[in-house]
Each structure stands twice: as C-alpha cells, then as structure tokens.
Amino acid sequence: MTVDYRAQTVLLTGASSGIGAAFATALAARGSNLVLVARRAERLAAMADELHRAHGVRVDAVPFDLAHPAAGSELRQAVADRGVAVTSLINNAAFGTFARFADADPGRLAAEIAVDVAAPVQLTAAFMPQLLSAANGFIINLAGVSAYFPSPRMAVYSAGKAFVLSFTESLWTELRGTGLTAFAVSPGATATDFTTGMGAGAGVLTSGRTRTPGEVVATALAHLERRDPGPSVIDGRSNQLGVIMSRLASRRWSARLMDRAFDPDRRAETTAA
C-alpha cells in the first residue's frame, strides 16, 4: 500500500522504551504526528519534546496505565481532551512474567492479561470509528514468536500473544477494502529492557542472539509499505525458520523443547560445563 506518513496521527502504546521508542523515532522521522502512551510521565515528556524538536511534528505525551479496566474509553477521552484525531494505532505495550504458573502472583497475571490482551482489544474498539473515518491508516499489533508455540514459565504471556495474533489476522480480513490496514508483527528475542522485573532466570530469554528494536520496526514498516500487506509478519530470518519448524513438529515435542530452552537451571549447567 502507499502510506502517506505525513497524513498520520499515530497512537502508540508502550512508547517510552524499546520497540515502542523505535517506532516513535521512525514515524516522527517520516513526518507522522504522534500520541505517545506509557506509564513513565517524565520519560514520555522528554521523548515528546525531543521528537518535536528534531522533526517538527506534533507529539502528545499521555501518561496512562493500560491495566485500567476501562482503558479504551478512558484513553479515548484523554486524547479527545487534547483535540487530537487518531488515524492509526500501534498496540505495542506488553509485559511478561517468568515463573512456573503455580508459583506466579495471581494479581500480576491478571494485570498481564489486562495489558497484553484486553487493552489491545479495548483500544482498537475505542478508536475504530476514527480510524475507519480516516480510511488511510493502519493498525499494527505486536504479537511475538511465542504466539506460535507454548512457552513454559511464560504460559500467560505466550497465550496472550497467540490471542493478539489471531485477533489481528481476523481484523485484517474484516478491514479489507476499508482503507484501514491491520497486521501483526512478531518479534523474537529483542535487545530491550523487557526481561527487567520478570522474575529470576528471565535472562535466559535473551542469552542468545537478539534483534534490535530498530530491526523490528524496519520489518514492520517494510511490511506496511508492501503493495498488499498480509495479516502478519515475523521479524528475523531465524525466527521465521523457527516458526516453520514448530509447525512441522507435534505439540508435545514443541512444549518439551521450549521447556528445555527456557529452563534457567539447565542453561546454567550448560554454561558451567
């Protein structure tokens, strides 16, 4: 599709660091106005000022906790109060918990579901009338390679990303012909602060080769700019191959393989040897 970035006002969640910050930088450089959403108010304000100064675009910083039960309607009102009409949406915010399910904090798991699953649905529903009215924008939802196979010690996160992937691919079908494009992008291990605070042993998730946030964003925008973007795209050749291989294996084999891969005790023994 032909993307007129200068005609876009993009609402971006999880904008204060990592992939979200890389999206903000790339879109501002292309001339898009931005609505940056995250919990860290000072960091958001600094980013907004920096991007405005560097690229001359309008950047609104909206500190907001997406775990709120009415996140969609509350954020829509906060944006409307600033006199902003949104044309595109990137649901990037997410966090994970690294622990066996029986050992995880139920309250944290509930918040994880609220941010990773409920918020993308609520925000998409809340802003859909504006997006359809603009008829020249996009919805990009961040799924992940964990959407394609079970992830022991990250059971809720993996299931949440599988939901986001399926939800977005269905949206892609429903929105064809409307002028609004939707697709999911699935990164693998990426060099961000994602594992911070996830739990003991979470470093195993990024102990191998990682992609950069800029590479993930480049994959997403290259897909967006294709003549006919498909419903989803996987970032990185090795991640693409991993997903293909998982589809050829039984569910039993995939679950056991991921259990071994995400076992910090086994990884520590291998390193020591």
Side-chain angles (χ1 to χ4, degrees), residues 1-64 75 79 82-94 120 123-124 127 130-131 134-144 168 179-188 190-194 210-230 232-237 239:
M1 62 178 290
T2 301
V3 184
D4 184 359
Y5 288 105
R6 294 186 177 277
Q8 302 300 323
T9 296
V10 184
L11 189 149
L12 168 61
T13 67
S16 61
S17 64
I19 295 173
F23 262 120
T25 299
L27 292 169
R30 287 164 170 77
S32 299
N33 296 323
L34 300 171
V35 179
L36 304 181
V37 178
R39 291 184 301 172
R40 293 183 281 190
E42 291 185 3
R43 172 58 181 154
L44 274 188
M47 280 187 63
D49 183 64
E50 178 183 344
L51 293 172
H52 171 70
R53 289 175 180 272
H55 304 291
V57 297
R58 174 172 177 173
V59 185
D60 288 87
V62 184
F64 192 83
L75 186 55
V79 172
R82 288 166 169 78
V84 177
V86 172
T87 65
S88 292
L89 171 66
I90 301 178
N91 286 304
N92 166 73
L123 267 61
T124 302
F127 288 96
Q130 293 182 39
L131 304 181
N136 67 347
F138 51 85
I139 300 171
I140 301 176
N141 290 333
L142 271 289
T168 310
L180 177 62
T181 299
F183 67 89
V185 57
S186 292
T190 308
T192 69
D193 60 0
F194 176 73
T210 58
R211 300 275 287 174
T212 68
E215 288 174 322
V216 175
V217 170
T219 294
L221 296 185
H223 187 76
L224 175 64
E225 293 163 6
R226 292 178 58 184
R227 181 177 179 182
D228 185 15
S232 59
V233 60
I234 298 169
D235 175 61
R237 181 61 59 85
N239 292 324

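The model shown is predicted, which means the values in this text are computed figures rather than measured ones.
- In this structure, R6 CZ and L27 CG are separated by 12.5 Å, a value rounded to the nearest 0.5 Å.
- Between A93 and T13, the closest heavy-atom pair is N-OG1, 3.0 Å.
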| said: What verdict does the side chain to side chain contact (heavy atoms under 4.5 Å, CB included) test give for T87 and Q130, after you've listed the backbone C-alpha separation in whole Å, the side-chain angles of each residue and the deciding distance to 0.1 Å? | reply: CA-CA 6 Å; T87 65; Q130 293 182 39; over 6 Å; no

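- L221 has its side chain within reach of Y5: a pair of non-hydrogen atoms, C-beta onward, lies under 4.5 Å apart.
- Considering CD of E225 and CZ of R30, their distance stands at 6.0 Å, rounded to 0.5 Å.
- Of all the heavy atoms in A48 and A61, the pair that sits closest is CB-CB, 4.2 Å.
- When atom types are taken as modelled, the side chain of N92 and the backbone of G14 share a donor-acceptor pair closer than 3.5 angstrom.
- Atoms OG1 and CG, from T181 and D228 in turn, are 8.5 Å apart once rounded to the nearest 0.5 Å.
- A heavy-atom distance below 4.5 Å is not found between the side chains of N239 and S186.
- A26 approaches V217 most closely through the heavy-atom pair CB-CG1, 3.8 Å.
- Here S32 contributes atom OG and R58 contributes atom CZ; the two are 14.5 Å apart, rounded to the nearest 0.5 Å.
- Proximity of L123 to L11: side-chain heavy atoms (C-beta onward) are separated by under 4.5 Å at one or more points.
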| message | V62 vs L44, test: side chain to side chain contact (heavy atoms under 4.5 Å, CB included). Steps then yes/no. | response | CA-CA 8 Å; V62 184; L44 274 188; 5.7 Å; no

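- Contact record, H55 with T25: NE2-O, 4.4 Å, taken as the closest heavy-atom pair.
- Side-chain contact between V59 and L36 is present, with heavy atoms from C-beta onward closer than 4.5 Å.
- Looking only at atom types and distance, the side chain of T124 has a donor-acceptor partner in the side chain of N91 under 3.5 Å away.
- For the atom pair L180 CG and L89 CG, the distance stands at 9.0 Å (nearest 0.5 Å).
- R40 and S16 share a donor-acceptor pair across their side chains, judged by distance under 3.5 Å alone.
- The closest side-chain heavy-atom distance from T9 to L34 is not below 4.5 Å.
- Distance CD/E215 to CG/D235: 7.0 Å, rounded to 0.5 Å.
- Between the side chain of H223 and the main chain of V185, no donor-acceptor pair closer than 3.5 Å is present.
- Of the possible donor and acceptor atoms, one in the side chain of Q8 sits under 3.5 Å from a partner among the backbone N and O of N136.
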| request: For the pair R39 and F64, evaluate side chain to side chain contact (heavy atoms under 4.5 Å, CB included) and give the outcome as yes or no after the intermediate values. | output: CA-CA 5 Å; R39 291 184 301 172; F64 192 83; over 6 Å; no

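- Two residues are said to be in side-chain contact when any heavy atoms from C-beta on lie closer than 4.5 Å; I139 and T168 fail this criterion.
- At least one side-chain heavy atom of F138 sits under 4.5 Å from a side-chain heavy atom of I90.
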| said: If you apply the rule side chain to side chain contact (heavy atoms under 4.5 Å, CB included), what do you find for T190 with T210, and how did you get there? | reply: CA-CA 5 Å; T190 308; T210 58; 5.7 Å; no

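- Other residues, nucleotides and ligands contribute over 12 non-hydrogen atoms within 6.0 Å of the CZ atom of R82.
- The two residues A143 and A184 come nearest to each other via the heavy atoms CB-CB, 4.3 Å.
- In this structure, S88 and L131 approach most closely via the heavy-atom pair N-CD2, 3.5 Å.
- Taking 4.5 Å as the limit, some side-chain heavy atom of T219 sits within range of a side-chain heavy atom of V233.
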